[in-house]
Amino acid sequence: MKKLSARRRHPLAALVVLLLALAATGGLYAAFAPAEKAQADTSAQSLAIDEGKKLFAVGCSSCHGLNGQGTSDGPSLVGVGSAAVDFQVGTGRMPAQQPGAQVPRKKVIYSQSEIDQLAAFVASLGPGPVVPKPEQYNPSTDPAKNAADISKGGELFRTNCAQCHNFAGQGGALTNGKYAPSLEGVDPKHIYEAMQTGPQNMPSFPDTTMPEEQKRQIVAFVRHTENDEPNPGGLTLGSLGPVTEGLFGWIFGLGVLIVVAIWVAAHTTKAKKS
Amino acid sequence: MSTTSGTSTGATTPSSTRAKPASKWEAAADWTDGRLGIYSLAKANLRKIFPDHWSFMLGEICLYTFIIIILTGVYLTLFFKPSMAETVYTGSYVPLDGIRMSEAYASTMNISFEVRGGLLIRQIHHWAAIVFVAAMLVHMMRVFFTGAFRKPREINWLFGAGLLFLGMFDGFMGYSLPDDLLSGTGIRFMEGAILAVPIVGTYLEMFLYGGEFPGQDIVPRFFTIHVLLIPGIMLGLLVAHLILVFYHKHTQFAGPGRKEENVVGMPLMPVYMAKAGGFFFLVFGVIAAVSAIATVNPIWSYGPYRPDQVSTDAQPDWYMGFSEGLIRVMPGWEISVWGGHTLNLGVFIPLMVFPLVLAVIWLYPFLEAWVTGDKREHHIADRPRNAPVRTAFGAAWISLYLVLLIGGGNDLIATHLHLSINSITYFVRVSFFLLPVIVFIITKRWCLGLQRRDKEKVLHGRESGVIKRLPHGEFVEVHADLSQADKFTLTAHEQPQPIELPAEVDENGVARKVGRLAKARAKLSEGFFGDSGQIAKPTAEEHAEITSGHGHH
Ligand code: HEM
């Protein structure tokens, strides 16, 4: 150690480090670069990127810049990955329209193949989260495994998501008009991508903090709560907790009872009312 | 039936002189009466008169929902395990299969999904609690706005206040028992509130929770308090409350033949009892229907409590909502005193204001009694318009309460009306101070307007809608004279005069000392009953003058 630190100040040290670094990156590239097989796709891939670039120039560049470098109207898209594009455009958030507290979900205006092309283009700008494959988010075909996934996913959801999205995924308020939206009717793929990319005020849950398997379990839980869960107690009143319950109790509990009381009092045994 | 004839004849003839009882039942009744003397007691009380007005049945709604709560609560205790010991769920609700939870939560899941009728009973219990406290609040407002709290009913007003307070807390504890995510969040909230109390907070918290939050003790302790201690006290208060209602007799609205000394209505037995009994079943029916239709407290969706989890929409039941509002809109002030001791004003101030919100309305009757200096008994209920200051005060209080409820639900209002939660919070902060004042002024003027209209009606009759053209071309509307009874009803209320301060100089020319308190009282009295506080009601002379002149207008 001592020797090394002594030579740190040698005039040639910088050069040596540079050479070493270059060798390392070169070697790494050789090791990880797509091999022969991938070569065949590149033409299709680059075609998609070209198409995507054109679509991007028309629909997105006004805010994100021609090369996705970002402008004052939209952030840089370098490194956001194809998953971010698939989520943002696939849920209709992008292209954004009027400015507001938060870009809302709206009608999707691109076809899925156009979205894929846009995603390919943005992915080419820099590496980022990749659009998940169906087996990453689809429920397990084994019912027992699926049931276990749902209960594990529920626990994960309550730990990581319920503080913004509510225990049943009904959403909730954030500061200054921002909000965590309801997860009702959200495509499983988009749920997965939201976790990968952390849109707007949502934190991202990359694979390093939340492994793929856990994401799949959360998706299983959300889908179950939104679609398959029976309502054993009757109407759920929106699954919004005690506030709606209180409102319902006042109107349909006490309110009805007061109407009943008025009716009873009006039908008295007194022969005539003065 | 022999039993009914027993009551009627028995009430007139002392039983011991009877030669031969007509039937076995009568013989039994005679035997009891000979020892307990209940006939004469029953005669006096069963003929108690109860006046008829729908708002007088609000107290009954409280009573019946309370009974429903007790009955369903007993059923729940048969299956509930008040324990925080950990267990792994293996019940029939698949989405929680294999999840760790407390015995309390697991047993509530068991009640909901395995016990026969368990979920319905749970929902009846909870819906009835929600309606119970709501009914108490409305019942209290009825008593307030009709001035039924005045002598001799002040003590009963306080008993009622105690019932409302205990009812709120018992509800809060019940909500905390299942140990689901919302329960735990509520208990956590309470921990924070206790910790915010200076000096003793930490000790109190350790004592109550038996150590650091959440500990193992809070659920079993709350259980005992929720099912035994508070309901026991409430039952006692409730009986005392009803005995006093009975003893004072009920108030009645003014009308011909109704005096301070009498009560006009139906005898308790059999007419009123039949109605009341029927009404019990109607109340039970409505609550049961609501419980069969709508979910309340879906603990299976909330999941078991874990201190590292929390959900949005974690509010208390509505009756604690105003305290939630106080906390939510209070700025998070924190100061440090005496070298690093933190004083958490952001929580401590709301904690102190919380009882105050209720205390103002409960103490108002005593303020009014002091201002009026009225020591007489009152058995005729006021119409709210005839007590403008009181009515305005009550309305202002309601507005304050509602504003705080809005604060407590600010997140839902934000998401559902697409507003910013920050704006709502600022709105509530300003409204907390401003709205009651505005509502007070508007309500008072409104009452005075209604008094003016009543006066008009008495003096000039009611508008008949018939338009007449006079010979010289003028159009007038014919006013129909009110019936004597209506005139009486509209002018039956008293109009106290403001108290006068004694002259500054007494008869000997010596300056008299008038205390500051006496001055304040005279000021308040002027506000209550002076020219700005009420419209002088028409006198008989005024009426005579107008009617004799055949005047039109
Ligand atoms: C467990 C809760 C309660 C029950 C079961 C209950 C029951 C009743 C009943 C049955 C009556 C007679 C009918 C009526 O006037 O509505 C009554 C009268 C009364 N209650 Fe309550 N009540 C409760 C809570 C309260 C509260 C919270 C207050 C006020 C703070 C209150 C103050 C009064 C007063 C002053 C009367 C006499 C009213 C009069 O004679 O006009 N009560 N209560």
Side-chain angles (χ1 to χ4, degrees), chain A residues 101 147-148 150-152 154-155 157-159 162-168 170-180 182 221 224-225 229 231-237 239-250 252-254 256-258 260-266 268-270 274, chain B residues 52-54 57-58 61 94-99 112-113 119 123 127 130-131 134-135 138 181-182 255 266 271 275 278-279 282-283 286-287 290 292-298 300-303 308-318 321 409-412 414-415 418-422 485:
Chain A
I150 290 171
S151 85
K152 193 82 194 60
E155 201 167 25
F157 188 87
R158 288 188 290 275
T159 308
Q163 71 268 42
C164 295
H165 286 284
N166 145 310
F167 55 88
Q170 293 301 318
L174 303 180
T175 51
N176 292 319
K178 292 182 278 235
Y179 57 93
S182 157
F221 170 78
H224 173 83
T225 324
E229 165 109 314
N231 301 323
L235 303 177
T236 59
L237 308 182
S239 294
L240 293 170
V243 173
T244 41
E245 288 168 5
L247 216 55
F248 192 86
W250 268 89
F252 295 100
L254 191 61
V256 169
L257 285 177
I258 288 178
V260 171
I262 293 173
W263 178 79
V264 169
T268 111
T269 46
K270 256 186 295 179
S274 48
Chain B
D52 215 17
H53 190 269
W54 68 266
M57 298 171 77
L58 290 165
I61 299 182
V94 177
L96 287 178
D97 195 40
I99 301 277
S112 306
F113 292 100
L119 183 56
Q123 300 206 140
W127 279 123
I130 286 174
V131 174
V138 179
L181 196 51
L182 284 198
M266 295 171 302
V271 182
K275 271 183 110 164
F279 192 45
L282 287 172
V283 172
V286 169
I287 301 278
V290 166
I293 291 169
T295 315
V296 65
N297 204 17
W300 55 88
S301 304
Y302 298 150
D308 60 339
Q309 296 179 346
V310 71
S311 167
T312 56
D313 307 324
Q315 268 102 349
D317 271 354
W318 77 265
N410 57 3
D411 54 340
L412 281 161
T415 48
H418 301 287
L419 296 171
S420 153
I421 197 168
N422 304 52

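Chain letters run A, B, ... following the sequence lines, proteins first and then strands; every chain starts at 1.
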For the candidates [options], which exhibits the highest count of non-hydrogen atom pairs separated by less than 4.5 Å from chain A?
options	result
B/L419, B/D308, B/V283, B/N410	B/V283
B/G321, B/S311, B/G303	B/S311
B/D411, B/V296, B/V94, B/V290	B/V296

Could you tell me which portion of [X] (side chain, backbone, both or neither) has an atom closer than 4.5 angstrom to a non-hydrogen atom of chain A?
X	answer
B/I293	both
B/I421	both
B/A134	both
B/Y302	both

Please classify the contact between [X] and chain B as side chain, backbone, both or neither, with a heavy-atom cut-off of under 4.5 Å.
X	value
A/L257	both
A/L247	neither
A/A168	neither

When only pairs under 4.5 Å are counted, which of [options] shares the most heavy-atom pairs with chain B?
options	result
A/L174, A/T244, A/V260	A/V260
A/T175, A/V243, A/T159	A/T159
A/G234, A/A162, A/A173, A/A101	A/A162
A/G177, A/G241, A/S239, A/G246	A/G177

- Message: Is it the case that the side chain of A/S151 and the backbone of B/D97 share a donor-acceptor pair, with hydrogens and angles ignored and the cut-off at 3.5 Å?
- Response: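 Present.
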
- Side-chain donor or acceptor of B/W54 paired with backbone N/O of A/V264 under 3.5 Å: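 Side chain of B/W54 to backbone of A/V264, a donor-acceptor pair under 3.5 Å: no, none is there.
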
- What's the spacing between A/N231 CG and B/S301 OG if we round to 0.5 Å?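 Between atom CG of A/N231 and atom OG of B/S301 there are 8.0 Å.
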
- Item | A/Q163 and B/T312, any side-chain heavy atoms less than 4.5 Å apart | no

- Does any non-hydrogen side-chain atom of B/F113 lie less than 4.5 Å from one of B/W300?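 Yes, their side chains come closer than 4.5 Å.
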
- Note on the structure: Heavy-atom nearest pair, B/T295 first then A/L235, reads OG1-O, 2.6 Å

- Message: Set out, in order, the CA-CA distance, both residues' side-chain angles and the distance that settles side chain to side chain donor-acceptor pair (under 3.5 Å) for B/Q123 and B/N297, then state yes or no.
- Response: CA-CA 8 Å; B/Q123 300 206 140; B/N297 204 17; over 6 Å; no

- Kindly assign one of parallel, tilted or perpendicular to the pair A/H165 and A/F157, based on the angle between their ring planes and the thresholds 30° and 60°.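 Rings of A/H165 and A/F157: tilted, 30 to 60°.
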
